Amino acid sequence: MAEHLNNKPAEQRLEKVEGWGMSSSALSYVYRPVNIEGIQSVFDAARQSGRSVGLRGAGRSYGDASLNAENLTLDLTRMRRILDWNPETGIIRVETGVSIQQLWQYTVEDGWWPNVVSGTMFPTLGGAAAMNIHGKNNWKAGPIGDHILDFELLLPSGALKHCSRTENVELFHAAIGGFGMLGVITQLTLQLKKIHSGWLKVEAIGVKNLEELFQVFEERLPVSDYLVGWIDCFASGDALGRGQIHQANYLAAGEDTNPVQSLRVENQELPDSLFGLVPKSIMWRLMKPFVNDSGMQAINYAKSLSATTVSHGQAHIQSHAGFAFLLDYVPNWKHAYKPGGLIQYQSFVPKESAQAVFSEQIKLAQSYGIVPYLGVFKRHRPDNFLISHAVDGYSLALDFAVTPEKKGALRSLAAEMDRLVLNAGGRFYFAKDSVLHRSAALEALGQERVSKFLALKQECDPESLFQTNLYRRLFGPQL
Amino acid sequence: MPHWKYAIVVGASSGIGAALAQALTADGTQVALVARRADALSLLEEKLNSSAGQVLARSYSSDVTDIGTIPSLFAEITQDLGGLDLIIYAAGTMPRIGPEEYDTEKDAGTIAANFTGAVAWLNEAASRFEKAGSGTIVGISSVAGDRGRRGSPVYGATKAALNTYLESLRNRIERRGAFVVTVKPGPVDTPMTQGLKMPGMISAERAAAEILLAAKDKVRVAYVPAKWKPIMAVICAIPAPLFKWLNI
């Protein structure tokens with residue numbers, strides 16, 4: 001294996017590697033090993049050429065978290081075997097490159113669903129663990145790390161550390177969320193959630209403004225399994241923050257009279273065409289004419305109008321996949337943001353100040369004339385991981401189109417929004433980040449946490465073999 | 001924010017190359033300075049970094065005629081910089097040639113520096129810009145490449161070869177999103193032209209400013225200064241027998 005890998009000259013491995021938002025990319029020497037020996041030979045290749053290694057799963061982080069410009073990229077997507085599955089306990093052991101899609105499709109027929117999934121099913125579980133992803137149930141279920149039982153962590157030395165809540169405990173809580181800077185998670189064990197139906201009960205609730213959004217969220221939190229809000233960021237004045245909330249609940253045992261049927265993979269799949277007519281593969285091309293300020297303003301307006309009228313209070317059943325993976329409805333929808341791509345600005349703010357901060361953020365964006373085309377709102381809870389983005393509060397994720405003319409202004413806007421978040425004791429999320437400044441990252445996490453993390457990195461990776469553009473931007477030695 | 005984050009200037013130790021490096025670092029671009037003369041390079045590096053107040057320039061002493069070393073140096077530079085958005089090939093030589101001089105060894109040296117070196121550096125850049133789908137290549141050619149004059153047979157021929165090579169690169173990589181700019185300066189006051197009496201001479205700083213402007217505007221073929229465009233159009237239109245007789 002090692003010989004095979006080294007046979008290919010490094011210059012032939014130079015590839016363009018892109019962040020998911022397409023606004024950042026880099027050339028990198030990409031290696032795609034299939035086993036631990038292969039990974040180790042990538043470490044050797046890096047050492048021989050004096051370069052660093054950046055870990056990459058499915059490349060679904062929006063910014064530069066999986067980019068390692070001019071250095072090596074260790075793409076782990078070919079390590080995607082499911083190693084063990086126990087349908088009695090719902091415990092599954094997988095290789096790092098197994099995707100969320102592969103996971104749920106493997107287990108759903110047995111009545112098990114991942115406790116935590118992202119809005120897209122394509123991330124790898126290794127990547128999901130390294131970013132400690134959350135879902136629309138974060139306030140209730142915590143991040144994915146809360147459902148990881150153990151994992152193997154390969155260090156640059158070649159040592160394989162078994163990490164769990166009883167073994168290498170500190171490393172367990174630092175490598176989860178450690179954005180690939182401590183070691184390579186080669187395989188992991190997850191506890192899944194028992195479900196009694198392939199369906200969820202979903203209700204849509206229209207809200208007139210941000211105040212109502214917070215109010216309904218707080219009311220619904222105790223009685224929901226999932227809760228997510230959408231905000232029309234173009235609305236201002238009394239309507240600022242208007243939007244729609246979707247609440248979803250599991251069906252209890254017995255509620256679904258034919259769970260065998262609803263739990264079949266084919267009943268979870270997202271439809272491949274719109275209205276049975278338009279193939280979804282071409283949908284992003286149809287969206288493209290609307291991905292501009294006036295088009296998106298019109299779409300947001302239409303959606304918010306429908307949210308408070310025809311769809312308000314509408315309850316329906318929806319498959320788990322259909323509810324969870326909203327971002328996968330239109331394949332390659334991000335291409336509608338070409339050529340500049342998009343960035344997602346997501347901030348996490350303690351509940352006491354969240355409403356004021358998000359209100360200010362939307363107003364600021366409007367005053368800059370750079371209005372997010374999509375705003376998504378969620379509730380969170382703190383967790384026990386060293387590098388954590390969650391707070392006891394709310395997050396607002398804002399999708400901004402990147403254009404050459406507005407790039408500079410977008411950075412200034414982000415910096416102003418950062419200040420609001422930091423003053424409120426808020427946090428940021430590396431899977432989304434493209435624009436954070438190192439001082440803001442330090443302030444958000446706190447010197448103590450950062451020092452502890454860097455000390456652990458020094459211990460696990462003394463030669464600083466693992467690096468990414470994001471790491472260098474936020475924590476690397478200053479030039 | 002600088003227009004280009006990372007640039008390589010080959011032939012940076014003096015003349016147009018040095019002026020380009022200065023203009024780029026003044027804009028905040030990180031620049032790799034490449035030239036043969038290590039002492040001149042480090043002086044320039046020091047000067048640029050002290051006026052920028054930060055480390056923007058790094059020097060790499062290398063001879064463009066030593067083509068075997070270029071791929072690894074190119075990889076080293078792109079790693080040090082952390083990427084590459086712009087490469088400018090400004091290296092060149094114009095030895096004085098007597099009216100009846102035919103010195104093949106001298107000519108081979110001119111070809112190596114003006115053309116082979118350009119191919120060696122720009123092939124590396126074109127290959128990566130094609131992959132990246134972005135990037136700008138600037139080749140400093142000359143108005144002398146537009147016609148075969150009596151005075152400098154091989155200098156003019158290397159610039160003509162460079163023009164054709166750059167056009168081919170453009171046809172290859174422009175469709176991928178990268179750009180190639182052919183710059184044809186008229187006489188510029190540099191060590192290369194020292195002691196020569198030439199009409200309409202401009203400073204290296206002015207030439208550099210116009211070159212960067214053309215590169216930003218993605219001008220495919222830029223005459224510097226622009227007045228050379230109509231002049232050369234006229235000169236190119238002169239029939240060969242008349243051109244021979246005129247001895248311009």
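Note that the structure is a prediction, hence the values are computed from the model and not measured. In what follows, chains carry the letters A, B, and so on, assigned in the order in which the sequence lines appear, proteins first and then strands, with residues in each chain numbered from 1. What's counted below: heavy atoms across the whole structure, side chains too, no hydrogens, waters or symmetry copies.
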If you count heavy atoms of other groups shown closer than 6.0 angstrom to [atom1] of [X], is the number above 12?
| X | atom1 | value |
| --- | --- | --- |
| Glu463(A) | CD | yes |
| Leu422(A) | CG | yes |
| Arg47(A) | CZ | yes |
| Arg285(A) | CZ | no |
| Lys5(B) | NZ | no |
| Lys229(B) | NZ | no |

Which residues in residues 62-73 of chain A have any heavy atom lying under 4.5 Å from a heavy atom of chain B?
Ala69(A), Glu70(A), Asn71(A)

Measuring from atom OG of Ser49(A) to atom CD of Glu76(B), what distance do you get when rounded to the nearest 0.5 angstrom?
12.0 Å

Please name the pair of heavy atoms, one in Gln79(B) and one in Gly50(A), separated by the smallest distance, quoted to 0.1 Å.
NE2-O, 2.9 Å

Checking Leu14(A) against chain B: side chain, backbone, both or neither under 4.5 Å from a heavy atom?
both

Contact part of Arg411(A) toward chain B, heavy-atom cut-off under 4.5 Å: side chain, backbone, both or neither?
side chain

Heavy-atom pairs under 4.5 Å with chain B, option from Glu18(A), Arg51(A), Glu15(A) with the top count
Arg51(A)

At under 4.5 Å between heavy atoms, what parts of residues 124-135 of chain B are in contact with chain A? List them by residue number.
Arg128(B), Lys131(B), Ala132(B)

